[in-house]
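A, B, ... follow the sequence lines: proteins, then strands. Residue 1 opens every chain.
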Amino acid sequence: MDKPRLRFAPSPTGYLHIGGARTALFNWLWARKTGGTFVLRIEDTDVARNTRESVEAIFTAMKWLGLDWDEGPKDADDQGGGPNGPYFQSKRLALYREHADKLIRSGHAYRCYATKEDIDAARMALPEKLRASFHFQSPWRDKRAELDKPHVVRIKAPSEGEVSFDDLVFGTIKVPAHTLRDEILIRENGMPLYNFGCVVDDLTMGITHVIRGKDHIINTSPQVLMYRAFGAKLPTFGHLPMLMKNSKEKLSKRDGAVGVGEYEALGYLPDGLLSYLVRFGWSFGDEELFTKASLAEKFDWDRVSKSDGIYDFKKCKAINQKFIAKLATIDELAKGSIKPLADRSLIVSLSDPRLVESINTVRERAETLVVMAEAMDFYLRDVPAMDDAAVTKFYKPEVADTLEKLAEFAATHVVEREARTMSFGEHQKALEEALRTFVTGLGIEMKAIGQPARVALTGRGASPDLASVMLVLGPSVSARRLRDGAARARAIEPAAAGAP
RNA sequence: GGUCCCAUCGUCUAGCGGUUAGGACAUCGGCCUCUCACGUCGGUAACACGGGUUCAAGUCCCGUUGGGAUCGCCA
């Protein structure tokens with residue numbers, strides 16, 4: 001048995017939509033699971049809507065997701081050197097024409113000289129009720145017209161029997177042949193129409209599995225007709241349920257983050273996004289977190305569902321959060337945080353020891369890399385940004401002395417990074433213990449000084465635990481910040497602080 | 001309207017003839033606690049409806065209702 005060949009064939013009319021990414025993923029998965037080939041083809045026959053930026057956006061998004069392709073263009077400038085190239089449809093025009101001619105010669109297709117106006121006129125001549133289901137019958141269907149006039153090429157659809165195909169997800173789908181029309185193969189301008197270009201390419205590229213969105217089920221029957229006309233074997237079809245905005249509408253551009261690029265900017269991890277997307281239409285027991293490698297192993301068609309799903313941004317975020325908290329490697333997180341940190345004008349080197357330590361203290365509470373960078377901000381800045389509300393709430397003259405003492409404590413108890421003899425976690429535990437003992441020894445409760453100390457150390461009312469914070473900051477920075485806090489607290493007017 | 005397709009908590013889903021119908025997100029409440037989270041314990045919450053088949057139906061069949069796709073010289 002030959003190895004499967006699958007393809008993802010986006011049209012570059014915008015960024016890569018998450019629905020498209022889901023389709024690409026399923027194709028990629030099957031190729032990787034079976035040791036088959038994953039082909040990337042660009043369907044750019046709609047000259048009016050295609051842009052170079054879109055082509056680039058698609059490549060960028062695919063690469064970011066880690067969905068690598070075995071055949072296809074390397075970038076927007078590359079035609080794609082593979083054995084079945086070129087992989088841009090706009091570069092394959094002669095091939096479509098050639099195949100259309102072949103069908104004309106074999107009597108499966110014909111030149112039609114009817115113009116759009118003719119067809120519209122015919123439609124409008126009908127009673128209004130019948131217009132929607134109007135079926136254009138070309139007068140050129142059985143004429144041997146040789147006119148050198150503008151024309152389209154149409155396939156001759158049978159009027160009897162039925163057209164059927166097997167679908168990996170939906171089973172056998174059949175449709176009465178008479179409901180199919182004489183689909184246009186080649187437009188008047190010489191460009192192929194989607195269904196034809198798609199079939200010719202899949203045929204000539206040796207595609208064995210056509211996996212795409214459910215909205216293409218309707219296109220499959222006419223395509224089956226084309227395969228038949230060529231006398232070719234049908235590929236295996238598989239249609240995936242749609243991603244909906246709600247029970248009535250498809251997910252569209254206006255519904256928030258739907259472009260893959262946005263997820264990258266938002267601070268999502270590729271596998272986090274993919275884990276969420278793959279569960280749209282596929283499940284593996286109760287598992288929700290997957291890496292691409294584990295998916296390539298587990299994926300199978302019998303667990304793909306048929307019904308459309310409503311996209312839930314909250315759940316997507318929650319999955320990503322779990323990835324950041326648990327599954328992602330520290331290396332991944334470190335690399336991923338560089339950009340969001342830079343966006344806050346924090347230029348940090350990957351080799352900065354504070355980076356990994358900070359990440360480890362905040363990853364549990366960050367749903368995205370951007371949020372994580374925000375949470376790490378105070379570690380990496382000389383003077384942390386002070387949250388006014390937290391300052392007003394927790395800085396009181398009466399805490400000044402304690403903060404002063406805590407500064408002493410920090411200076412003497414926080415172990416310098418270079419002097420550590422145990423793991424960060426062990427030092428953190430020891431320091432936490434010492435801190436508690438120290439505070440209790442002062443005759444006060446942790447509760448009374450925790451928040452003021454936190455504001456002094458981090459500038460905010462919420463952060464990782466104090467011991468972790470001090471350990472990452474180091475003794476001198478911790479002490480300095482606590483002293484500064486003491487000074488500021490002391491300067492607060494008691495009256496003002498107590499005023500309503 | 002024609003054709004095709006779908007139907008378990010609010011959402012994503014598990015279930016593949018016998019279950020107290022499970023999990024996750026969301027939501028509500030408790031615990032933990034130096035804050036926010038994390039974690040943890042618990043609550044609310046679903047088989048669209050009607051007929052069959054069967055000893056037994058969320059699971060199989062038919063119908064109804066609801067929903068989606070599509071009906072372009074777009075992809």
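- Counting any heavy atom pair closer than 4.0 Å across all strands shown, A/Val175 reaches sugar-phosphate atoms only and no base atom.
- Checked by distance alone, A/Asp308 brings no side-chain donor or acceptor within 3.5 Å of a matching partner on the base of B/G68.
- With a cut-off of 3.5 Å on both pairing distances, B/U35 has no Watson-Crick or G-U wobble partner at all.
- Using a 4.0 Å heavy-atom criterion, one finds that A/Arg303 contacts the sugar-phosphate atoms exclusively.
- A salt bridge between A/Asp44 and A/Lys91 is absent, with no side-chain N of the basic residue lying under 4.0 Å from a carboxylate O of the acidic one.
- In this model, the phosphate group of B/G72 is approached by a side-chain N or O of A/Arg123 to a distance below 4.0 Å at OP1 or OP2.
- Looking at A/Asp377 and A/Arg381, a side-chain N of the basic residue comes within less than 4.0 Å of a carboxylate O on the acidic one, giving a salt bridge.
- Here B/G1 sits opposite B/C71 as a Watson-Crick or G-U wobble pair (both hydrogen-bonding atom distances under 3.5 Å).
- If you take atom C1' in B/C61 and the same atom in B/U54, they sit 12 Å apart, rounded to whole Å.
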* Reading 5' to 3' through nucleotides 30-49 of chain B, protein heavy-atom contacts under 4.0 Å coded B for base, S for sugar-phosphate only, - for none -> ----BBBBSS----------

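- Counting to the nearest Å, the C1' atom of B/C6 and the CG atom of A/Leu243 are 15 Å from each other.
- B/G50 sits 27 Å from B/A69 when the C1' atoms are compared, rounded to a whole Å.
- Judged by Watson-Crick or G-U wobble contacts below 3.5 Å, the nucleotide B/U53 has no partner.
- Counting to the nearest Å, the P atom of B/A7 and the CE atom of A/Met244 are 14 Å from each other.
- Distance check on atom C1': B/C47 versus B/A57 gives 11 Å, rounded to whole Å.
- Heavy atoms of A/Phe280 sit under 4.0 angstrom from primed sugar atoms or phosphate atoms, though from no base atom.
- Using a cutoff of 4.0 Å between basic side-chain nitrogens and carboxylate oxygens, A/Arg92 and A/Glu43 are not scored as salt-bridged.
- A/Arg154 comes within 4.0 angstrom of no nucleic acid atom, judged by non-hydrogen atoms across all strands.
- With A/Phe290 as the fixed residue, the ring-ring contact (aromatic ring centres under 6.0 Å, His included) test singles out one of A/Phe323, A/Phe299, A/Trp282: A/Trp282.
- The listed nucleotides are B/G23, B/G15, B/G67; the one nearest the side chain of A/Lys248 is B/G67.
- Within 4.0 Å of A/Glu188, counting heavy atoms only, lies at least one base atom of the nucleic acid.
- Remark: side-chain polar atoms of A/Thr204 are paired, donor with acceptor, to backbone N or O of A/Val200 under 3.5 angstrom.
- Taking a cutoff of 4.0 Å between a charged side-chain nitrogen and a carboxylate oxygen, A/Arg279 and A/Glu287 do not qualify as a salt bridge.
- Closest to the side chain of A/Lys116, out of B/C73, B/U70, B/U13, is B/C73.
- Looking at heavy-atom distances under 4.0 Å, A/Ala177 makes no contact with the nucleic acid at all.
- Between the C1' atom of B/A75 and the CD1 atom of A/Ile184 lies a distance of 15 Å, rounded to the nearest Å.
- A distance of about 25 Å separates the P atoms of B/A21 and B/U40, rounded to the whole Å.
- Rounded to the nearest Å, the gap between the C1' atom of B/C9 and that of B/G15 is 14 Å.
- For the C1' atoms, the distance from B/G30 to B/U19 is 29 Å, rounded to whole Å.
- Using the six-membered ring where Trp is involved, A/Tyr113 and A/His151 have ring planes that are tilted, between 30° and 60° apart.
- Atom CG of A/Leu277 and atom P of B/U13 are 12 Å apart (whole Å).
- Per the geometry, OH belonging to A/Tyr311 stands 12 Å off C1' belonging to B/C12, to the nearest Å.
- Summary of the strand contacts: A/Gly285 and A/Ala318 both lie near RNA chain B, and taking for each the nucleotide with the nearest heavy atom, the more 5' one is attributed to A/Gly285.
- For the C1' atom pair drawn from B/C60 and B/C38, the interatomic distance equals 46 Å after rounding to whole Å.
- With a 6.0 Å radius and a threshold of 12 heavy atoms from other residues, nucleotides or ligands, A/Arg344 has its CZ atom above the threshold.
- Phosphate proximity of B/A14 to A/Ser283: present, with a side-chain N or O under 4.0 Å from OP1 or OP2.
- Among the atoms of the strands shown, only primed sugar atoms or phosphate atoms (P, OP1, OP2) are found under 4.0 Å from some heavy atom of A/Gly281.
- As a whole-Å value, the separation of A/Met242 CE from B/G68 P is 12 Å.
- You'll find a donor-acceptor pair under 3.5 Å spanning the side chain of A/Lys315 and the base of B/A24, going by distance alone.
- Side chain of A/Lys214, nearest nucleotide from B/C25, B/C5, B/A75: B/C5.
- For the salt bridge (Lys or Arg N to Asp or Glu O under 4.0 Å) condition, the pairs that include at least one residue of residues 445-465 of chain A, sequence neighbours left out, are A/Glu374-A/Arg460.
- The existence of a salt bridge linking A/Arg49 and A/Asp46 is confirmed by a sub-4.0 Å separation between a basic side-chain nitrogen and an acidic carboxylate oxygen.
- Per the stacking criterion (ring centres < 5.5 Å, plane angle < 30°), A/His216 does not stack onto the base of B/A69.
- Whole-Å rounding puts the A/Leu193 CG to B/C73 P distance at 7 Å.
- OP1 and OP2 of B/C4 both lie 4.0 Å or more from every side-chain N or O belonging to A/Thr179.
- Across all strands, A/Arg49 comes closer than 4.0 Å to base atoms (heavy-atom distances).
- Put simply, the side chain of A/Asn219 and the base of B/A75 share a donor and an acceptor less than 3.5 Å apart.
- Considering only the side chain of A/Tyr194, B/A75 comes nearest among B/A75, B/G72, B/C25.
- In this structure, A/Thr115 reaches the bases: a heavy-atom distance under 4.0 Å links it to at least one base atom across the strands shown.
- A cation-pi contact links A/Arg22 to A/Phe26, judged by a cut-off of 6.0 Å to the six-membered ring centre and 45° from its axis.
- Across all strands shown, B/U65 pairs with B/A7; the Watson-Crick or G-U wobble distances both stay below 3.5 Å.
- Along RNA chain B, the nucleotide nearest A/Lys174 and the nucleotide nearest A/Phe284 are compared for position; the residue whose nucleotide lies closer to the 5' end is A/Lys174.
- Spacing of P atoms, B/U53 relative to B/G58, comes out at 16 Å, to the nearest Å.
- A/Met191 comes within 4.0 angstrom of no nucleic acid atom, judged by non-hydrogen atoms across all strands.
- A/Glu249 places its CD atom 17 Å from the C1' atom of B/U70, with the value rounded to the nearest Å.
- Here the side chain of A/Ile173 is nearest to one of B/A14, B/C5, B/C25, namely B/C5.
- Base pairing of B/U19 is not made with any nucleotide, judged by Watson-Crick or G-U wobble geometry with both donor-acceptor distances under 3.5 Å.
- Contact check on A/Arg52 versus A/Glu56 returns a salt bridge, with a Lys/Arg side-chain nitrogen under 4.0 Å from an Asp/Glu carboxylate oxygen.
- Base-pair partner of B/G42: B/C28 (Watson-Crick or G-U wobble, both distances under 3.5 Å).
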